[in-house]
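Scroll down for the structure; my scribbles are underneath it.
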Amino acid sequence: MQEQPVIIIGAGPSGLATAASLNLHSIPYIILEREDCFASLWKKYAYDRLHLHLHKQFCQLPHLPFPHSYPRFISKQQFVSYLDDYVSHFKITPLYCRCVELAVFDEITKEWTVKVRNLGSGEVEEFRGRFLVVASGEATDPYTPELEGLKSFPGDVLHSTQFKNGKAFRDKNVLVVGSGNSGMEIAMDLANHGAKTSIVVRSPVHILSREMVYLGLNLLKYIPLNMVDWLMVMLSKLVYRELSKYGLSRPKEGPFFMKVADGKYPVLDVGTYSKIRSREIQVLPAILSVKGNEVVFENAESHAFDTIVFCTGFKRSTHIWLKGDDYLLNDDGIPKPSFPNHWKGKNGLYCVGLSRRGLYGAGFDARNIADDIKSLLK
């Protein structure tokens, strides 16, 4: 058994930001990571052309800015290099290959007990601490929806975490399922590499440029959200015109309202929309069923495909191993309390990076958590 004041679960950017913030207060901690490296989503499971969708000022972690030489919108490789420097700078040493099986608060000792499976040795290890920080992130376990007949599909079925680039798909019929930023960007990458690309868009979407979002985020400091949303929609209509010609529609709610209320990001267009307009990417409605290599859609059309790429997001597994918490996190691993009070639970339980506010939100959480723990240890 090992014991430290703070146990951090997860060594993604959220966990690293928390560790760095604790370091600055000289507060000891243990950081447990399921994978064999930190920031595994970025290092192992992200597609090659990925860039941070927001301006770099909204994406740097606490206490260490990006290098001045970095562009406004940072590539995956540059962000991974920054994280390498971050871990080295703050001397963060996660324990890898530790899969959490149970975390429970002991009412007698007033400590958290965390039991993990060492994936290397197969043994169960135990850790204890006064404070527990859930930093396992919004993107924990890849989610693929159950579709009628999907098992009959003879081609390749991938999740976005398995997709690197479109080189291997030239002249193939590829269906992308999911119209978030990953789905839109992967569809564009496939089209750029000569794949015959289609994308399923089930729901209305806001399409904004990165410059529009940068403007909106800065305006939110000074004017109400509903006014910013009105401006964003007007700018989108001015630039992208009528979406319905191409099988798309805009939501009734504004883009920033949807982000705060439901965690739904607007699509930040990096070139996909022009390929939809030129019909290089075909927009299709929701899937009804799969029959062999034929996919049947809601409009009664069917099309044959060689590959299906699911860009359908992630589920969180916190509810499986976190016991005794009925205040902080819901069954989907998202905070019940509203922002900005979402990061602190009861009995020394905290969460970081789960406010659906991206890397900027994770940094906000990490600083608050470290400051709060410091005040309680006085």
Side-chain angles (χ1 to χ4, degrees), residues 2 4-46 50-54 56-67 70 74-100 103 114 116 127 129 131-141 161 314 316 318 333 335 342-344 349-374:
Q2 298 186 47
Q4 289 285 10
V6 186
I7 301 172
I8 303 170
I9 296 177
S14 296
L16 300 179
T18 306
S21 299
L22 291 170
N23 270 348
L24 291 185
H25 292 313
S26 300
I27 299 172
Y29 62 87
I30 294 170
I31 183 166
L32 305 171
E33 169 56 45
R34 180 175 63 179
E35 296 283 344
D36 60 359
C37 64
F38 60 85
S40 62
L41 188 65
W42 291 90
K43 289 191 168 188
K44 297 167 64 174
Y45 303 118
L50 176 63
H51 284 64
L52 296 178
H53 290 116
L54 299 182
K56 65 181 180 181
Q57 78 180 70
F58 299 109
C59 298
Q60 63 191 18
L61 298 186
H63 318 301
L64 187 68
F66 287 122
Y70 274 24
I74 293 169
S75 71
K76 178 184 81 168
Q77 292 77 14
Q78 289 169 323
F79 188 60
V80 167
S81 177
Y82 166 75
L83 293 178
D84 287 338
D85 292 341
Y86 196 86
V87 167
S88 176
H89 180 81
F90 292 106
K91 298 179 173 59
I92 302 170
T93 55
L95 296 180
Y96 296 116
C97 301
R98 266 49 174 213
C99 183
V100 177
V114 179
V116 305
F127 300 86
F131 305 100
L132 178 67
V133 181
V134 176
S136 44
E138 295 180 25
T140 307
D141 299 313
T161 53
F314 300 81
R316 286 148 292 280
T318 321
H342 60 282
W343 51 272
K344 184 176 180 179
L349 177 65
Y350 302 92
C351 68
V352 56
L354 294 174
S355 66
R356 292 171 168 168
R357 282 170 167 76
L359 293 164
Y360 181 83
F364 172 88
D365 296 344
R367 287 187 293 266
N368 281 334
I369 290 168
D371 291 344
D372 194 63
I373 291 175
K374 180 184 178 183

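The chain is numbered in sequence order, starting from 1.
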Item to check | Smallest separation among heavy atoms of Val352 and Ala362, with atom names | outcome: CG2-O, 3.5 Å

Checklist entry - Any idea which heavy atoms bring Ser355 and Asp365 closest together, and the distance? => result OG-OD2, 4.2 Å

Do [X] and [Y] come close enough that some side-chain heavy atom pair is under 4.5 Å?
X	Y	answer
Gln4	Phe127	no
Tyr29	Ile373	no
Tyr86	Pro13	no
Ser40	Tyr45	yes
His342	Leu354	no
Phe314	Glu138	no

Does [X] use its side chain to pair, donor to acceptor, with the backbone of [Y] at less than 3.5 Å?
X	Y	result
Tyr350	Asn368	no
Thr140	Gly137	yes
Ser81	Gln77	no
Gln60	Phe66	yes

Which pairs of donor and acceptor atoms, one on a side chain in residues 87-95, lie under 3.5 Å apart (sequence neighbours left out)?
none

Item to check | Within residues 15-40 or reaching into it, pairs that qualify as salt bridge (charged side-chain N to carboxylate O under 4.0 Å, His left out) - sequence neighbours excluded | outcome: Arg34-Asp141, Glu35-Lys44, Asp36-Lys44

Checklist entry - Quick one: side-chain contact (heavy atoms from CB on, under 4.5 Å) partners of Gln78, sequence neighbours excluded? => result Tyr70, Pro71, Ile74, Ser75

Item to check | Option from Ile7, Leu22, Thr18, Ile9 for which side-chain contact (heavy atoms from CB on, under 4.5 Å) with Val133 holds | outcome: Thr18

